[in-house]
Structures are given as C-alpha cells and as structure tokens.
Amino acid sequence: MNFFSSITSYYTNILTIVIYSVYLFLPGYFIVYLFNIRKHKFLLSYAISLTFLVVTQLPFRWVEGPVSYWVWSLHLVIASLALGTIYKRFTRIDLESEPLFTKFGNTSLGLILVIAAFALYHYIVGPYTEIPSDFWEHLARVNIALNAVLDDQFNPPISTLAHTVGQIDFIHFLHAEVAHAIKHPPLASIRGSTLVPAVIFLGSIYLFTVSLLERSRLSNRLVIFAAVLSTLLTITSFGTATFSYLRYYAYFPTIFCFPIFFLCISLLLEFLTDEHARLTRLYLIAIFLITMALVHTQEAMFTVIVMVGITVWRTVRLYVSYTNCPQSVFKRHVWSSLLIILVI
C-alpha cells in the first residue's frame with residue numbers, strides 16, 4: 001500500500017513541477033521572444049510571467065467574477081502568445097534571427113549543474129515544515145483559497161488590514177489553483193510546489209552574479225566559478241537562525257519576489273552605466289515594483305531602498321571623480337537621484 005502511495009506522490013509532484021514551470025516561465029518567454037529581447041531572458045521570462053498571472057486577476061477580482069472566467073482568459077492569452085511565437089519563428093522574415101532556444105554554453109552548464117544538485121537534495125528532504133514553522137499558516141491560507149476556488153470564487157483578503165492596504169493572497173491563490181488542477185490537496189504536492197520557486201531563486205542568484213562579474217577582468221571560467229560558489233553559499237548559509245531560507249520560505253510569497261529584485265537591480269545598473277540604454281528599463285522596473293507590491297509589499301520596499309542607495313552612492317562617487325566619467329552618464333545619475341528624492 002505504501003509502495004503505491006509513493007508512486008502516486010511521485011507523479012503528483014512531477015506534474016506539479018511541470019505546471020509551475022510552464023506558467024512561471026512560458027508566458028514571459030513568449031513575450032521576450034516576440035520583442036527580440038536578448039538580455040536577462042531567464043529573469044525577464046519569469047518576472048513577466050508572474051506579473052501576467054497577478055495582474056490578469058485584478059479585473060476579475062474587482063468585478064467579483066468567477067475564477068473559471070479568469071482561467072479561460074488566461075489560457076486564451078497564452079495560446080495567442082504561443083501562436084504569435086510559432087508564426088514569428090517560421091516566417092521567412094525571422095529565418096535569420098536568433099533561434100527560439102539558444103545553445104547551451106558554459107554559463108548555462110554551470111547553472112544546470114547547481115540546479116540539478118539542489119533539486120535532488122530538495123526532493124529528498126523537502127521544505128522546512130517542523131512546528132512551529134510558518135509553513136503551516138501559509139498552508140492554511142492555501143486551503144482557504146482552495147475552498148474558494150472549489151466554489152469558483154477568488155480567495156478574500158486574509159484580514160481587514162490586508163484589505164485596507166490592498167494586500168491580496170495572490171501566491172496562495174496560485175498554489176490553490178495548481179492543487180485544484182491536479183486534483184490533490186496542496187500538502188500532497190508540497191515538494192513540487194516548493195522546488196520550482198526555490199530553483200528560480202537560485203537561478204536568479206547565479207545569473208545576477210554572472211551579470212555583475214562579466215564587467216570585470218575575470219576570465220569566463222572564473223566568472224562561472226564565482227557564480228556557482230555564490231549559489232552554493234546561498235544554499236548552505238543564507239537563512240534565519242538555524243534553518244535555510246530556501247527550505248523555510250520556499251512556499252511563501254517572499255521567494256517569488258526575490259528574483260524580480262535581482263532583475264530590477266540589474267536593469268537599474270544597466271540604465272545608469274550605459275549611456276545608450278533606453279528608458280524602457282525604468283518602465284519595466286516600475287511595472288515589476290507594482291507586481292512585488294501586490295505579491296509581498298516588504299520586498300517591493302526593500303528593492304526601492306536598495307535602488308535608492310545604489311543610485312545616490314554612484315552619483316556621489318561620480319561627482320568626486322567627474323573627470324573620469326562621460327557627461328551623459330553623470331547626467332543620468334543626477335536626474336535619477338533627483339527623481340528618487342522627489343518620489344520619496
């Protein structure tokens with residue numbers, strides 16, 4: 001009996017991993033491909049997908065529409081994006097452009113090795129669920145959302161205060177929607193539903209390190225080694241008290257926001273350092289900040305504080321060494337600092 005139960009649990013988790021991977025990556029990837037975006041493909045695909053999943057809920061929540069209408073609309077838009085991607089890929093105009101999936105390089109290989117090692121470890125030990133872990137509180141919220149989904153309704157705010165500040169349990173609703181889709185309780189697929197966010201988080205650590213060190217004089221192998229090392233140190237040493245961040249927070253909304261934090265910092269640095277960078281990066285940062293504010297306000301505020309610190313510090317540093325800085329880059333820093341001061 002236990003043997004058959006383990007088989008059922010195995011396939012349930014595999015199906016859960018596939019669903020999370022598809023919906024947290026493919027919608028954004030279609031948009032990245034359609035707009036010929038060549039940088040930050042992984043993080044942009046994820047950030048756009050999460051933004052898409054969150055923002056599309058808003059009109060249905062405002063009019064108190066049924067969840068089934070949102071699901072149909074969601075899949076209609078995704079199907080349209082997929083058809084547009086296929087059309088672009090196979091039209092003559094696009095034959096000489098970048099392929100749909102690029103070849104694996106050393107950077108991708110290092111990322112795959114780290115993720116594969118962690119995936120095996122996480123699948124064996126699972127998330128941190130020992131009482132009094134906050135995991136059970138979040139699981140309760142998911143079950144509340146699941147009961148609402150079974151009635152074809154969106155989950156209500158968890159409290160009057162959350163409703164007042166506009167805080168909605170988007171992530172708990174997404175967990176519940178996946179559980180409803182696979183016809184299993186959320187606890188039955190907990191390894192799968194925590195593995196994908198954790199892997200995306202680790203991928204963001206790895207790629208962010210690569211993007212920072214690519215501007216240095218380090219060789220490609222040393223950059224990859226440093227990225228692998230930073231990711232491994234995140235796995236082994238980043239956490240709260242005696243438990244790992246990845247195991248403790250893998251089911252919580254906060255881990256869904258951290259990859260977007262790294263993306264926003266990367267976009268900001270590119271805008272400040274590259275005089276040819278367009279304002280599009282700032283527009284994307286604003287959109288992603290709204291997404292984080294809707295999902296978990298704390299991470300949005302943390303991102304703003306870090307961006308303020310980076311911008312002001314770089315402006316002061318460039319002012320001191322003004323002769324070594326292009327005038328256009330210095331003006332970008334000054335205007336960005338003034339904009340931040342006005343906003344604050």
### Message
Quick check: Phe252 with Tyr248 (ring centres under 6.0 Å apart)?
### Response
yes
### Task
Please list all pairs passing the side chain to side chain donor-acceptor pair (under 3.5 Å) test where one or both residues lie in residues 173-183, with sequence neighbours left out.
Tyr20-His175
### Task
Spell out, yes or no, whether Leu150 and Val178 are grouped together once hydrophobic residues are joined by side-chain heavy atoms under 4.5 Å, including indirect joins.
no
### Task
Could you name each residue pair satisfying side chain to side chain donor-acceptor pair (under 3.5 Å) that touches residues 49-58, not counting sequence neighbours?
Thr51-Thr291, Thr56-Trp70, Gln57-Arg61
### Task
To the nearest 0.5 Å, tell me how far Ser266 OG sits from Ile285 CD1.
9.5 Å
### Message
Working note: Phe25 + Tyr46, criterion ring-ring contact (aromatic ring centres under 6.0 Å, His included); need CA distance, chi angles, decisive distance, verdict.
### Response
CA-CA 5 Å; Phe25 185 77; Tyr46 168 75; 9.0 Å; no
### Query
Is it true that Tyr23 and His75 have ring centroids separated by less than 6.0 Å?
yes
Could you go through residues 111-126 and list every donor-acceptor pair under 3.5 Å that involves a side-chain atom there, pairing it with any protein atom two or more places apart or in another chain?
{"unit_1": "His122", "atom_1": "NE2", "unit_2": "Thr194", "atom_2": "OG1", "d": "2.8"}

### Message
For Glu137, I'd like to know if atom CD has over 12 heavy atoms of other residues, nucleotides or ligands within 6.0 Å.
### Response
yes
### Query
Among Leu50, Ile48, Leu43, whose side-chain contact (heavy atoms from CB on, under 4.5 Å) with Phe288 holds?
Ile48
### Task
Hey, could you give me each pair passing side chain to side chain donor-acceptor pair (under 3.5 Å) that has a residue in residues 197-211? Not counting sequence neighbours.
Thr209-Ser230
## Note on the structure
By side chain to side chain contact (heavy atoms under 4.5 Å, CB included), Ile290 pairs with (sequence neighbours left out) Leu294
### Task
Tell me whether Val312 is reachable from Met301 by hopping between hydrophobic residues (I, L, V, M, F, W, Y) whose side-chain heavy atoms are closer than 4.5 Å.
no
### Message
Between Leu83 and Phe35, is there shared hydrophobic-cluster membership here, with clusters defined by ILVMFWY side-chain heavy atoms closer than 4.5 Å?
### Response
no
## Note on the structure
Tracing side-chain contacts under 4.5 Å among Ile, Leu, Val, Met, Phe, Trp and Tyr outward from Leu229 reaches Phe225, Leu233
### Check against ring-ring contact (aromatic ring centres under 6.0 Å, His included), Tyr69 and Phe60
CA-CA 8 Å; Tyr69 285 13; Phe60 294 94; 7.4 Å; no
